[in-house]
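Notes to accompany the following structure.
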Amino acid sequence: MGLEDISAKVAAAAEAAGRTAEEVTLIAVSKVQPDARVEAVLEQGHRCFGENRVQEAQGKWPGFRERFEGVDLHLIGPLQSNKARGAMELFDAIHTVDRPKIAATIARLADELGRCPELFIQVNTGEEAQKAGCLPGEVDGFIAECRMLSLPVKGLMCIPPVEEEPSLHFALLANMAERNGLTGLSMGMSADFERAIALGATHVRVGSAIFGDRLAPQGDA
Ligand SMILES: *Cc1c(COP(=O)(O)O)cnc(C)c1O
């Protein structure tokens, strides 16, 4: 485990699928990790990171960005309208656009700020009541709606149900992206990123396999 090991596994999985390592972006998910661990991965030259809370990211990334050039920051957690402005100012990509209201807010802010992060639409492929994401039956309509707002939709994202074989969900997501002409697929985490790459993932979101287990926020390193 660790960055080097996971990068090698990403490259091997890509090659096994007849793809190249460059086609897969490894997002190192640094949420809740102690700064020292994040810094160690930055020191190794990695620049692409994922956070799931806007406020937590606002507390740690401006400082890292002053010290490390070229940081590419992805929001992978839920986005509330009242945090949208902060998120759009900080993040280079947002993976969790999932409803018309947040799409409209992002469009309005994009006009105002003159820029917009790359966007992924989160799909609740398992139709789980507690999970965020647009329902599979609503995806085509929602993508069309985002396009009418001129939003830069790059692809789709999913978090499969814990109890189910993730490959079925990855294949479903890949199919929805393809029929809508979208090339980005944000899928695969520590336990299943290799299967996701085999099914076309362009962005894998890997946390614990790179950094080690997440500690409680108040825990010490
Ligand atoms: C935390 C998180 C991850 C990373 O999870 P690991 O199992 O630690 O790799 C990936 N995606 C999302 C949306 C997450 O919240």
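Just the heavy atoms: all of them, side chains too, but no hydrogens, waters or symmetry mates, feed the values below. Counting starts at 1 for both ligands and their atoms, in listed order.
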* Check whether any side-chain heavy atom of Ile27 lies under 4.5 Å from a side-chain heavy atom of Val204, and answer yes or no. =>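 Contact flag for Ile27/Val204 side chains = no.
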* To do: Establish, from distance only, whether the side-chain atoms of His95 and Gln122 form a donor-acceptor pair under 3.5 Å.
  =>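 No.
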* To do: Mind checking side-chain contact (heavy atoms from CB on, under 4.5 Å) for Leu172 and listing every partner two or more places apart, or none if nothing turns up?
  =>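 Leu172 satisfies side-chain contact (heavy atoms from CB on, under 4.5 Å) with Thr125, Met176 only.
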N/O contact list for ligand 1, threshold under 3.5 Å:
from: ligand 1; atom 1: 8 (O); to: Ser208; atom 2: N; distance (Å): 2.8
from: ligand 1; atom 1: 8 (O); to: Ser208; atom 2: OG; distance (Å): 2.8
from: ligand 1; atom 1: 8 (O); to: Arg214; atom 2: NH1; distance (Å): 2.7
from: ligand 1; atom 1: 8 (O); to: Arg214; atom 2: NH2; distance (Å): 3.3
from: ligand 1; atom 1: 9 (O); to: Ser190; atom 2: N; distance (Å): 3.0
from: ligand 1; atom 1: 9 (O); to: Ser190; atom 2: OG; distance (Å): 2.5
from: ligand 1; atom 1: 9 (O); to: Gly207; atom 2: N; distance (Å): 2.8
from: ligand 1; atom 1: 11 (N); to: Arg205; atom 2: NE; distance (Å): 2.9
from: ligand 1; atom 1: 15 (O); to: Lys31; atom 2: NZ; distance (Å): 2.7

* Are Lys60 and Glu56 close enough for a salt bridge, meaning some N to O gap below 4.0 Å? ->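 Salt bridge present between Lys60 and Glu56.
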* Got a sec: does the CD of Gln130 have more than 12 other heavy atoms crowding it under 6.0 Å? ->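 Enclosed: over 12 neighbouring heavy atoms sit under 6.0 Å from CD of Gln130.
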* **Greater than 12 external heavy atoms within 6.0 Å of Arg53's CZ** =>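 No, because the 6.0 Å sphere around CZ of Arg53 holds 12 heavy atoms or fewer from other groups.
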